[in-house]
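The next block holds one structure in the form of C-alpha cells; read it before the comments.
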Amino acid sequence: MTNLRSDTQWDSVSAWDDDPVVASWNGLPMLEQNVTADVCVVGLGGSGLAAIGALVERGLQVVGVDAGRVAAGAAGRNGGFLLGGPATFLHSSLTTWGTSSVDLYRATLLELDRLAEMLGPEVIARTGSIRLAGLPGEPADDAEAADRVAELVDCAALAKVLRDNDIAVEEYDGELGRGLFLPDDAAMNPSRRALGLASLLRGRAGLYEHSAVTSVKSGRVTTEHGSVSAPVVIVAVDGKLEQVLPDLQGRVRTARLQMLGTAPGLPERLPCPVYGRWGYDYAQQAKDGRLFVGGGRDRFVDTEWTFDTSPTPDVQGYIERVAERMAGKPVDIVRRWGASVSYTTDGRPLCSEVLPGVIAIGAYNGTGNLVGPVAARAAVVLALDSTAPPEYFSA
Ligand SMILES: Cc1cc2nc3c(=O)[nH]c(=O)nc-3n(C[C@H](O)[C@H](O)[C@H](O)COP(=O)(O)OP(=O)(O)OC[C@H]3O[C@@H](n4cnc5c(N)ncnc54)[C@H](O)[C@@H]3O)c2cc1C
C-alpha cells in the first residue's frame, strides 16, 4: 500500500462542491406521486439536462429525475475539461471509425459554444487546453524518457490530422514541457455547469432530486416514492448504466475514475487544463491556486472495473505524484473522491433505443462533458423524428 502524504477527507464530497455557488444550491423536490409527461429523462447530469433543454425547446412536457442531487454522478465530479472530440485522440479514432469522428469533433465544439453562451465566462472559461508529452519535470527513468519521445511523435501526428481538418492547434513548448496547445478547448467547475443548467430549466420542466429509479420499462419509470408515465424515456446515465438498464450488460462496462483536490495557495502554473502521458493524467488549476488532479486509469485497470466509487490508497498515491509533477512542488491534499463512468468495446459512445420508446445514452469512455450533450441531442431527434443517430455513436 502506498504511503500517502497527508491526512485527507476520504469522503464522498468532491472539491468542486466547496465552491460557494455550489454549496448554496437550494435543491429540488423529491418525486412523491405518480405523474405523466411527454418525455421522462433519467439522470440530471450534463447529458440529461441537455436532453431536457432540447425537449422543452420543442414545447414538450418533460419530467427529469435523479437518484441524488443534480450532477451527483460523474457529471459533477470530473476533471472539468471541455475538450473537442471523442475520448480517443482524433488521429486514432479516424483510423478505427472513419471520418465520422471528425463530425463528432465539430459537434462537440458547437456544444461548447452553446454552453458558453448559456452559462457565460464565470462558468465556462475559454482557456484552451494543453496536451503534454509525458508529465512536467525530468523523466524519472529511461523508460519514461523514451515514452515521452514516442508521445511527442504522436502529438505531431495528431497535430497534422487536426490541421488537415481545419481544427485549431499550436505547438506548446513551455515551463511544463512540450506538446500541443488546443485553443478551442475550455475549463469549468462541472458542478457549477450542471447546477447552472438546472437553474435555467427548473421552471420549464418537472425536475426531481433524491428520486432513485428502481425500474425502467417502455412507457413507465418507477422511483422509490412515485412514477412517471411517458411514451418516451431517455436514460442519460454514464457510470452504472448497465445497472439502470440490465439489457445493456455486455455492451457497456462501468469503471471508477479517481481524483483529488489540493489546498489553495499553490503558485500559478497551469494556464489551462493540462493532460499528459497519453492523456491518462490530468490537472486543472483554479484561480485560488488549488489543483484538481486525476489519472492513472491505465495503471490500475483491473481494480477499477467496479461499481464502487470510493477512493483507494493505491490510485490516490499515484495521483498524488501526478499532482506534485503538475505543481512542481509538494502539495497538501484536502479531498479525494471517485465516480463511475462507462466504456464500450470500440470506443464509440452509446445512443441507442434499448426497449421500445426507451433510449439510452452514455458510455463516453471517460470523456463525456461535451460528447454527452451531443448524444442527448441525437437521442431527442431519434425519439421525436425517428432520425437515426450519427455514425459516431454505437446504435
Ligand atoms: C474522475 C473523473 C474525471 C473525468 N474527467 C472528465 C473531463 O475532464 N472531461 C470530460 O469530458 N469527461 C470527464 N469525465 C467523464 C464525464 O464526467 C462523464 O462522461 C460525464 O460527466 C457523464 O455525465 P452524464 O450526465 O452523462 O452522466 P452521469 O453523471 O454518470 O449520470 C447522470 C446522473 O444519473 C443519476 N443516476 C444514476 N443512477 C440513477 C438511478 N437509478 N435513478 C436516477 N438517477 C440515477 C446520477 O445520480 C447522476 O447524477 C470524467 C469522469 C470522472 C469520473
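For ligands, and for the atoms within them, numbers begin at 1 and follow the listed sequence. Nothing fancy with the numbering, it's 1 onward along the sequence.
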remark   = Heavy-atom nearest pair, Pro190 first then Arg77, reads CG-N, 4.4 Å
ask   = Which ILVMFWY residues can you reach from Val65 by hopping between side chains whose heavy atoms are under 4.5 Å apart?
value = Leu31, Val35, Val42, Val63, Tyr208, Val213, Val216, Val221, Val228, Val233, Val235, Val237, Leu241, Val244, Leu245, Leu248, Val252, Leu350, Val354, Leu355, Val358
message = How far is atom 36 (N) of ligand 1 from the closest protein heavy atom, and which atom is that?
response = Val237 CG2, 3.9 Å
key: Nearest-neighbour protein heavy atom for atom 1 (C) of ligand 1, which is reported as residue plus atom name and distance   = Met259 CG, 3.4 Å
message = Checking a contact table here: which protein heavy atom is nearest atom 42 (N) of ligand 1, and how many Å away?
response = Val213 N, 2.9 Å
task = Return the minimal non-hydrogen interatomic distance between Leu291 and Ala323, and the atom names on each side.
result = CD1-O, 3.9 Å
task = For atom 39 (C) of ligand 1, grab the closest protein heavy atom and report residue, atom and distance to one decimal in Å.
result = Ala67 CB, 3.9 Å
task = Output yes when the distance from some N or O of ligand 1 to some N or O of Val70 is under 3.5 Å, and no in every other case.
result = no
remark   = Quick look: Phe81 vs ligand 1, heavy-atom contacts under 4.0 Å, and the answer is both
remark   = Near Gly239 (heavy-atom distance under 4.0 Å), the atoms of ligand 1 are 30 (O)
query = Just by modelled atom types, is the Trp16 backbone N or O under 3.5 Å from a matching donor or acceptor in the Asn189 side chain?
reply = yes
note = For atom 14 (N) of ligand 1, the closest protein heavy atom turns out to be Gly366 O, 3.2 Å
inquiry  = So if I count the atoms of ligand 1 from 1 in the order they appear, which ones are less than 4.0 Å from some heavy atom of Ala212?
reply    = 42 (N)
query = Ignoring hydrogens and geometry, is there a side-chain-to-backbone donor-acceptor pair from Arg336 to Ser14 under 3.5 Å?
reply = no
query = Is it the side chain, the backbone, both or neither of Pro190 that has a heavy atom closer than 4.0 Å to ligand 1?
reply = neither
key: atom 23 (O) of ligand 1 - nearest protein heavy atom and its distance   = Ala75 CB, 3.6 Å
Options Asp66, Leu83, Asp238, Thr108, ranked by nearest heavy atom to atom 22 (C) of ligand 1, top entry = Asp238
message = Can you tell me which residue among Arg131, Lys160, Arg178, His91 is in a side-chain contact (heavy atoms from CB on, under 4.5 Å) with Cys155?
response = Arg131
Atom indices of ligand 1 within 4.0 angstrom of Gly45 heavy atoms, with elements = 25 (O), 32 (C)
key: Gly79-ligand 1 polar pair, N/O distance under 3.5 Å   = yes
ask   = Can you check whether Ala72 has an N/O within less than 3.5 Å of an N/O in ligand 1?
value = yes
request  = For Gly80, take its heavy atoms, then give the atoms of ligand 1 lying under 4.0 Å from any of them.
outcome  = 8 (O)
ask   = Backbone N or O of Gly27 within a donor-acceptor pair of the Glu209 side chain at under 3.5 Å?
value = no
key: Donor-acceptor pair, side chain of Asp238 and main chain of Ala236, under 3.5 angstrom   = no
task = Decide if the gap between the ring center of Trp97 and the ring center of Tyr392 is smaller than 6.0 angstrom.
result = no
ask   = Using the ring of each side chain (for Trp, its six-membered ring), is Trp337 parallel, tilted or perpendicular to Phe292, with breaks at 30° and 60°?
value = perpendicular
query = Are Pro273 and Leu82 side-chain neighbours, meaning at least one heavy-atom pair lies under 4.5 Å?
reply = no
For Tyr282, atoms of ligand 1 separated by under 4.0 Å from a heavy atom = 1 (C), 2 (C), 3 (C)
task = Determine, using heavy atoms of Gly372 and all atoms of ligand 1, whether some pair is separated by less than 4.0 Å.
result = no
key: Shortest protein contact, atom 52 (C) of ligand 1 (heavy atom only)   = Leu257 CD1, 3.6 Å
note = ligand 1 to Arg77, heavy atom cutoff 4.0 Å, flagged ligand atoms 1 (C)
Test item: Gln285 side-chain N/O and Pro267 main-chain N/O as donor-acceptor pair under 3.5 Å = yes
query = Can you name the side-chain hydrogen bond (donor to acceptor under 3.5 Å, both in side chains) partners of Arg148, sequence neighbours left out?
reply = none
key: Crowding at CG, Asp142 (>12 non-hydrogen neighbours, <6.0 Å)   = no
query = Quick one: nearest non-hydrogen protein atom to atom 24 (P) of ligand 1, plus distance?
reply = Ser47 OG, 3.3 Å
remark   = Within 4.0 Å of some non-hydrogen atom of Ala339, the atoms of ligand 1 are 53 (C)
ask   = Based purely on interatomic distance, does Val42 place a nitrogen or oxygen under 3.5 Å from a nitrogen or oxygen of ligand 1?
value = no
Glu242 side chain to Thr254 side chain, donor-acceptor N/O pair below 3.5 angstrom = yes
message = Among Ser14, Ala236, Ala74, Ala50, which one puts a heavy atom closest to atom 32 (C) of ligand 1?
response = Ala236
request  = With heavy atoms of Gly46 as the reference, note each atom of ligand 1 found under 4.0 Å away.
outcome  = 25 (O)
message = Out of Val371, Thr223, Asn369, who is nearest to atom 11 (O) of ligand 1 when you count heavy atoms only?
response = Asn369
message = Given the ring of Tyr343, does Arg297 sit roughly above its face, with NZ or CZ under 6.0 Å from the centre of the six-membered ring and within 45° of the axis?
response = yes
ask   = If hydrogens are left out, which of Val341, Leu49, Asn78 has an atom nearest to atom 2 (C) of ligand 1, that is, the closest non-hydrogen atom?
value = Asn78
